[in-house]
> 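Encoded as structure tokens, here's the structure I'll be asking about.
Note that the structure is a prediction, hence the values are computed from the model and not measured. For reference, positions follow the sequence shown, starting with 1.
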Amino acid sequence: MKLDRVAFFEQDARVADLSTGTVFYLYTPFGGPILRAVLDALRAQASQRPIRVCSYGPCTSAIGGEAWLVPTAPVEPGRIAAFASILA
């Protein structure tokens, strides 16, 4: 497998630089106002270029409710879900 153009960052999503990312993985990170702030920041990035948001856990339903994201496959409980942006 060739992963020479991949970088993984573990950071506080509220302060992370999202400007170069294309795939964002949210693993049951948080909810409420923190999730809203991160989704708003991701939406801003999606208005500039296509991105994908992958998630696992309780935040998946909130992410799936975002009008600017569409699932890339049927969302199944207990599985990783992937969404593609439709703004750029």
Side-chain angles (χ1 to χ4, degrees):
M1 182 183 302
K2 256 185 131 169
L3 295 176
D4 58 339
R5 295 184 314 155
V6 174
F8 295 91
F9 298 94
E10 179 183 348
Q11 295 178 292
D12 183 326
R14 295 171 292 180
V15 296
D17 177 7
L18 306 176
S19 65
T20 60
T22 56
V23 178
F24 300 89
Y25 182 65
L26 305 177
Y27 175 74
T28 311
F30 32 71
I34 295 174
L35 180 58
R36 177 79 267 141
V38 172
L39 288 173
D40 289 345
L42 289 172
R43 186 180 189 283
Q45 294 302 312
S47 69
Q48 299 173 28
R49 68 187 180 290
I51 66 169
R52 291 187 185 255
V53 178
C54 303
S55 68
Y56 180 80
C59 65
T60 300
S61 60
I63 293 168
E66 294 293 305
W68 57 276
L69 290 170
V70 294
T72 61
V75 176
E76 299 178 33
R79 309 265 318 184
I80 294 171
F83 303 88
S85 64
I86 56 171
L87 296 176

> Quick check for you: to the nearest 0.5 Å, what is the distance between Asp17 atom CG and Phe9 atom CZ?
8.5 Å
> Taking atom CD of Glu76 and atom OG1 of Thr60, what is their separation to the nearest 0.5 Å?
12.0 Å
> Minimum heavy-atom separation for Gln45 to Ser19, with atom names?
OE1-CA, 3.3 Å
> In residues 37-44, what donor-acceptor pairs under 3.5 Å come from side-chain atoms, sequence neighbours left out?
residue: Asp40; atom: OD1; partner: Arg36; partner atom: NE; Å: 3.1
residue: Asp40; atom: OD1; partner: Arg36; partner atom: NH2; Å: 3.1

> To the nearest 0.5 Å, tell me how far Glu66 CD sits from Ile86 CD1.
11.0 Å
> What distance separates Phe83 CZ from Ile63 CD1, expressed to the nearest 0.5 Å?
6.5 Å
> Look at the side chain of Ser85 and the backbone N and O of Ile51, then say whether any donor-acceptor pair between them is shorter than 3.5 Å.
yes
> Check side chain to side chain contact (heavy atoms under 4.5 Å, CB included) between Val23 and all other residues, then give those that pass, not counting sequence neighbours.
Arg52, Cys54
> Using every non-hydrogen atom in the two residues, find where Leu87 and Ala46 come nearest and quote the distance to one decimal.
CB-O, 3.6 Å
> If I compare all heavy atoms of Trp68 with all of Val53, which pair ends up nearest, and what's the gap?
CH2-CG2, 4.5 Å
